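Report on one structure; see the data block that follows.
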Amino acid sequence: MKLYLIAGEASGDLHGSNLIKALKASRNDLDLRCWGGDMMEQAGAKLVKHYRDLAFMGFAEVIMNLRTILNNLKFCKEDILQFKPDAIILIDYPGFNLRIAEWAKKNGIKVFYYISPQIWAWKQNRVYKIRECVDRMFVVLPFEKDFYKKFDYDVSFVGHPLLDVIHERKNEEENFRQKHQLGSKPLIALLPGSRKQEIARMLPLMLGMTDQFPEYEFIVAGAPGQEVSFYSAIAGMSNRKIIFGATYDLLNYSKAGLITSGTATLEAGLFKLPQVVCYTGNKISYYIAKRLIKVKYISLVNLILDRKAVTELIQDQLNIANLKTELCLLLKDSNHLQKLNREYEELHQKLGGSGASARTANEMLKILESASVEPPPQT
């Protein structure tokens with residue numbers, strides 16, 4: 001059986017890799033080909049294109065890179081036709097993947113979608129294309145099933161795969177500190193994002209806190225696929241520690257975090273890390289998005305809980321003064337921390353149990369195996 005997977009970001013690479021492991025655990029005859037990253041390749045898929053060559057964020061950035069995006073789409077379609085998969089598995093990354101889904105449907109290729117695009121936030125009209133082109137949607141946020149139900153589209157809620165990833169963490173803080181040559185100061189995690197453009201915007205602001213809290217050690221979580229030299233060129237990075245490949249350990253052992261909006265905010269929440277959610281972007285892209293986005297929050301923690309559990313500093317609100325105020329609360333206000341811990345406990349409960357990757361893999365294979373069974377001849 002042949003499967004073709006497409007992920008366009010670091011989080012998609014992580015969840016795609018765990019899905020690949022679950023698929024291979026169920027069947028040993030799978031031929032897997034993917035767009036993704038190092039983790040999907042290590043899990044056993046043939047990597048065609050790395051996500052670091054695919055990620056363009058924001059309206060202005062997409063327009064500036066339109067030729068590259070169109071060339072990638074053309075190449076992807078040609079590669080799929082040559083591979084002749086039994087199904088395509090699309091992982092989030094909607095701008096690219098929904099175009100592939102529409103094309104695949106016209107070409108008679110079965111389409112699974114794992115981790116829904118955030119169409120409940122904006123571009124809700126995309127639900128009609130999904131309903132038409134996607135054979136089965138697998139969602140990981142509890143409110144998404146009800147959202148799709150409003151549009152008469154039944155989807156599978158499989159739970160969030162991060163619960164499994166975090167549960168499997170087995171490490172000790174002492175080993176972590178020794179491995180990365182860290183001192184004894186308490187740690188503060190800086191997660192400026194995974195794309196170059198957002199890292200270049202977010203990291204200098206985050207580094208502005210280092211002089212404000214000299215009793216803490218600020219550690220930058222390096223994004224997969226980015227080079228040390230890229231971080232080193234950013235103002236304020238002199239003598240700052242960058243750690244690659246250990247973001248979850250950093251979240252686990254830090255006292256607080258400054259986290260760029262995205263999946264990382266949920267990851268920090270599941271580690272029960274006190275956090276400030278940060279976002280600033282291209283002004284044109286931001287003001288267009290502000291007019292279109294239909295949700296009250298940008299953090300997945302707040303969206304899932306449907307209230308402000310963690311502070312969000314967005315665009316002009318993201319400045320040194322506000323960052324210092326919010327970080328002081330996280331580090332020094334015990335009542336604030338107790339309330340936040342209660343919010344995180346509820347977050348865990350809402351996300352369902354463990355085993356999301358296995359449930360998704362089993363349902364996908366069941367659908368494919370049922371489709372491959374020939375009906376009995378008519379008499």
Side-chain angles (χ1 to χ4, degrees), residues 3-20 32-41 43 45 47-59 61-63 65-66 68-77 79-80 85 87-105 109 111-124 126-127 129-130 133-141 144 155 158 160-162 193-198 223-226 260-264 266-267 281 285 289 293 300 356-357 360 364:
L3 300 175
Y4 199 106
L5 299 90
I6 304 175
E9 300 171 305
S11 60
D13 183 36
L14 170 64
H15 301 317
S17 69
N18 287 324
L19 179 61
I20 288 169
L32 305 174
R33 192 170 176 86
C34 76
W35 290 40
D38 301 338
M39 299 180 74
M40 292 174 73
E41 184 176 35
L47 182 63
V48 179
K49 192 174 281 285
H50 202 287
Y51 67 78
R52 63 172 167 258
D53 301 322
L54 305 174
F56 303 106
M57 183 181 68
F59 299 97
E61 291 81 359
V62 167
I63 292 171
N65 292 280
L66 187 58
T68 299
I69 294 169
L70 292 175
N71 286 337
N72 283 337
L73 278 165
K74 180 182 178 183
F75 175 72
C76 185
K77 293 172 183 178
D79 196 54
I80 291 170
I88 298 174
I89 301 173
L90 307 174
I91 304 171
D92 200 356
Y93 193 46
F96 188 92
N97 275 340
L98 286 178
R99 287 175 172 81
I100 293 297
E102 186 175 23
W103 169 85
K105 188 69 174 180
I109 304 170
V111 178
F112 294 138
Y113 214 122
Y114 180 46
I115 306 179
S116 171
Q118 296 179 356
I119 59 172
W120 33 265
W122 72 308
K123 291 191 175 181
Q124 290 193 6
R126 282 178 165 177
V127 72
K129 180 180 287 189
I130 289 172
C133 301
V134 175
D135 293 283
R136 193 65 179 174
M137 172 69 75
F138 302 86
V139 302
V140 301
L141 300 175
E144 290 176 322
V155 301
V158 293
H160 207 291
L162 282 177
S194 60
R195 305 175 183 91
K196 284 187 175 180
Q197 63 199 46
E198 64 183 349
Q226 302 296 355
T260 296
S261 174
T263 304
L266 179 57
E267 293 170 326
S285 296
I293 289 176
L300 283 171
S357 299
T360 306
M364 287 178 176

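Side chains included, hydrogens not; waters and symmetry mates left out as well; all remaining heavy atoms used. Positions are given from 1 along the sequence. Keep in mind it's a predicted model, so treat the numbers as computed, not measured.
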Does Trp120 form a side-chain contact (heavy atoms from CB on, under 4.5 Å) with Leu141? I'd like the steps, not just the answer.
CA-CA 11 Å; Trp120 33 265; Leu141 300 175; 3.8 Å; yes
Show, in sequence, the C-alpha distance, side-chain angles and deciding distance for Gln226 and Lys196, and conclude whether the side-chain contact (heavy atoms from CB on, under 4.5 Å) test is met.
CA-CA 8 Å; Gln226 302 296 355; Lys196 284 187 175 180; 3.1 Å; yes
CA sep, side-chain torsions, deciding dist, call: Leu19, Met364, side-chain contact (heavy atoms from CB on, under 4.5 Å):
CA-CA 10 Å; Leu19 179 61; Met364 287 178 176; 4.1 Å; yes
Full working for side-chain contact (heavy atoms from CB on, under 4.5 Å) between Val48 and Phe75
CA-CA 10 Å; Val48 179; Phe75 175 72; 3.6 Å; yes
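In this structure Tyr114 satisfies the side chain to side chain donor-acceptor pair (under 3.5 Å) test with no other residue, sequence neighbours excluded. With sequence neighbours left out, the side-chain contact (heavy atoms from CB on, under 4.5 Å) criterion links Asp13 to Met39, Met40, Tyr51. Applying the side-chain contact (heavy atoms from CB on, under 4.5 Å) criterion to Asn18, with sequence neighbours excluded, gives Leu14, Lys21, Val165, Ser357. Here Arg99 pairs with nothing under the side chain to side chain donor-acceptor pair (under 3.5 Å) rule; sequence neighbours left out. Here Asp92 pairs with nothing under the salt bridge (Lys or Arg N to Asp or Glu O under 4.0 Å) rule; sequence neighbours left out. With sequence neighbours excluded, the residues satisfying side chain to side chain donor-acceptor pair (under 3.5 Å) with Ser116 are Tyr148.
Cys76 places a side-chain heavy atom less than 4.5 Å from the side chain of Ile100. Two residues are said to be in side-chain contact when any heavy atoms from C-beta on lie closer than 4.5 Å; Trp103 and Ile80 meet this criterion. Side-chain atoms of Phe112 and Leu3, non-hydrogen and from C-beta on, never get closer than 4.5 Å to each other. Using a 4.5 Å cut-off on side-chain heavy atoms (C-beta onward), Cys133 and Leu98 make no contact. Residues Leu300 and Gln118 are in side-chain contact: their nearest non-hydrogen atoms beyond the backbone lie under 4.5 Å apart. With contacts defined as side-chain heavy-atom distances shorter than 4.5 Å, the pair Phe138/Val140 does not qualify. The shortest side-chain heavy-atom distance between His160 and His15 falls under the 4.5 Å cut-off.
The neighbour count for Lys77 NZ, taken as heavy atoms of other residues, nucleotides or ligands under 6.0 Å away, is above 12.
Atom CD1 of Ile115 is separated from atom CD1 of Ile91 by 6.5 Å, given to the nearest 0.5 angstrom. Separation of atoms CD (Glu41) and CD1 (Ile20) is listed at 10.0 Å; rounding is to 0.5 Å. Once rounded to the nearest 0.5 Å, the distance linking CG of Asn97 with CD1 of Ile6 reads 5.0 Å.
A salt bridge between Lys49 and Asp79 is absent, with no side-chain N of the basic residue lying under 4.0 Å from a carboxylate O of the acidic one.
If you look at Tyr93 and Trp35, their ring centroids are not closer than 6.0 Å.
Taking each heavy atom of Gly37 and Leu47 in turn, the nearest pair found is N-CD1, 3.8 Å. The two residues Ala223 and Gly193 have their closest heavy-atom pair at CB-O, 3.7 Å.
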